[in-house]
Amino acid sequence: MKTIKQLKLAAAVAAGLALVGCGSDDDSSDSTSGTDLYTETVARSACFSANTCSASGFDFPEGAVFVAADAQTGDDITAAIDTALFNATPGQTLVLPKGTFKVDTTILIDDTSKHNDLTFVGHGIKSTTLDFSDCSSCEDGVRFEGVQDVVIRDMSVNEAGKNGIKAVNVDGIHFNYTATVWEGELTLETESAYGLYPVESDNIVIENSYAKGSNDAGIYVGQSNDIVVRNNIAEYNIAGIEIENSNRADVYNNIATRNSGGLLSFDLPGTNQKFGLNTRWFNNKSYDNNTPNVGPGTVGQVPTGTGILVLATSDVEIYNNEIYDNKTNAVSISSYFLIEGNEAAYGPEGDLFGDILGGWTPLTQNVQVHDNVFTNNTYSPETDSLVGEAIGAYITGNHFSSVVAVMAGGEAFPINFPTIIYDGVGEQVANSNAFAALGML
């Protein structure tokens with residue numbers, strides 16, 4: 001059996017699987033506002049009925065441990081899961097039962113060697129649901145930490161306190177037919193943050209999965225390396241899919257819809273991995289991302305109605321995507337100066353100087369956008385965010401100092417945004433040599 005490490009990036013890209021089990025193959029249905037994209041198809045009904053495989057067709061191997069096999073929907077299976085993890089051995093498969101079950105503490109799969117090469121599996125993305133709604137202390141629903149070559153699949157983690165499924169310092173993790181869900185309307189007080197959430201990890205595959213209701217990003221990969229995100233659906237989040245401060249990420253064949261912003265590439269200051277390189281976004285659909293943005297922090301500055309946003313990162317390629325029905329614009333390419341317009345912040349006495357010394361730059365560089373299909377974007381631009389206002393100023397041809405004025409509410413901007421927006425700050429700063437002394441140019 002191949003480990004996650006052996007799922008090399010090139011091989012993963014070549015595979016190019018279609019959405020199965022969590023989305024519709026009918027292109028005519030996925031743009032309908034009320035359509036339920038989150039579906040489950042039983043791949044092999046006989047073995048699914050016999051409890052020998054999951055709805056996606058994953059065969060439970062000989063020696064698998066069936067956790068709480070006699071549990072009924074509504075039961076609390078926390079103790080049974082804890083016992084199974086305590087007794088686990090390397091390479092084992094733990095199978096959760098069919099139904100919806102209460103869990104009253106974070107499921108921790110941590111850095112003991114017995115949890116390496118562990119497969120944590122349910123009977124299906126809609127057939128096994130872990131309900132954390134009664135756990136006030138469950139910041140994370142499921143948390144992997146310090147382990148290697150682990151798999152989580154065929155289950156849904158619902159109503160976790162903050163993060164659905166988090167992986168920290170993991171080398172090799174595979175999310176497959178996995179969902180994170182928060183129901184209810186997003187507000188500024190909504191506590192959900194991230195759905196599928198690997199961070200500071202390597203060799204990551206997220207596929208055939210679903211994220212809904214995150215007040216930050218539904219699918220987020222941060223400060224990580226060697227990443228494939230494919231064949232997923234992210235809807236009704238603030239950000240659909242976000243790659244942040246990460247290297248060598250391929251994001252393709254995904255659907256991002258009914259978020260505030262669909263697809264995001266960021267490098268942000270204040271992280272352990274100062275910058276990321278080489279992200280490719282291709283064969284995705286990003287449409288109708290017009291849910292009001294009530295998110296916190298930087299993601300809260302993404303204009304509602306954004307198809308793709310590239311912010312302060314480098315070496316990004318965007319191609320063969322379908323981007324449509326986003327009211328503000330299809331693609332925004334922006335520097336961090338639109339978030340922090342005070343030049344002093346980047347100087348030796350500024351808060352961001354340490355990040356700059358570590359290799360981070362507020363500039364956006366080496367971005368290619370080609371061979372995409374854009375339809376019906378920019379029909380009602382959102383301008384209530386800092387990014388929206390500042391981009392508007394650059395469309396009118398203003399220079400760097402105008403960003404500060406815009407943030408203070410002192411500038412007007414046109415109503416009609418172009419389909420692709422480049423803020424122009426990188427060129428303006430390069431031409432003025434304003435930051436050459438800091439070694440950023």
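- Of all heavy-atom pairs between V229 and I243, the closest is CG2-CD1, 4.4 Å.
- Residues T106 and F132 are not in side-chain contact: their nearest non-hydrogen atoms beyond the backbone lie 4.5 Å or more apart.
- Side-chain atoms of N231 never come within 3.5 Å of backbone atoms of Y252 as a donor-acceptor pair (strictly under, hydrogens ignored).
- Counting only N and O atoms by type, the side chains of N284 and S286 include no donor and acceptor under 3.5 Å apart.
- Side-chain N or O atoms of N342 include one that pairs as donor or acceptor with a backbone N or O of A344 at under 3.5 Å.
- More than 12 heavy atoms of other residues, nucleotides or ligands sit less than 6.0 Å from atom NZ of K114.
- Outside the 6.0 Å centre-distance limit, the rings of Y177 and Y210 are not counted as a close aromatic pair.
- At a threshold of 4.0 Å, the pair K166-E145 does not count as salt-bridged, since none of the basic side-chain nitrogens sits closer than that to a carboxylate oxygen.
- Y336 and W360 have their aromatic ring centers within a separation under 6.0 angstrom.
- At a threshold of 4.0 Å, the pair K274-D355 counts as salt-bridged, since one of the basic side-chain nitrogens sits closer than that to a carboxylate oxygen.
- By the side chain to side chain donor-acceptor pair (under 3.5 Å) test, T128 is found to be paired with no residue, residues two or more places apart in sequence or in another chain being considered.
- Of the N and O atoms on the side chains of S224 and E200, not one donor lies less than 3.5 Å from an acceptor on the other residue.
- Ring orientation note: the planes of Y194 and Y197 are close to parallel, at an angle under 30° on the 30°/60° scale.
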Set out, in order, the CA-CA distance, both residues' side-chain angles and the distance that settles salt bridge (Lys or Arg N to Asp or Glu O under 4.0 Å) for R44 and D59, then state yes or no. CA-CA 10 Å; R44 294 157 58 203; D59 289 312; 2.9 Å; yes

Ring pair (Phe, Tyr, Trp, His ring centres under 6.0 Å) between F60 and F66, worked out: CA-CA 9 Å; F60 304 140; F66 288 81; 5.8 Å; yes

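- Salt bridge D134/K102: present, at least one basic N to carboxylate O contact under 4.0 Å.
- Using a 3.5 Å distance cut-off with no hydrogens or angles, the side chains of S56 and R153 do pair a donor with an acceptor.
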Pair E244, L268 - check side chain to side chain contact (heavy atoms under 4.5 Å, CB included), show working. CA-CA 7 Å; E244 183 179 299; L268 298 184; 3.5 Å; yes

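- Look at R258 and E235 and you find a salt bridge, because one of the NZ, NE, NH1 or NH2 atoms lies within 4.0 Å of a carboxylate O, short of that distance.
- Residue R248 forms a side-chain hydrogen bond (donor to acceptor under 3.5 Å, both in side chains) with just one option from D226, D315, T279, and that option is D226.
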Go through the steps to decide whether V316 and R280 satisfy the test side chain to side chain contact (heavy atoms under 4.5 Å, CB included), and finish with yes or no. CA-CA 6 Å; V316 178; R280 302 196 303 174; over 6 Å; no

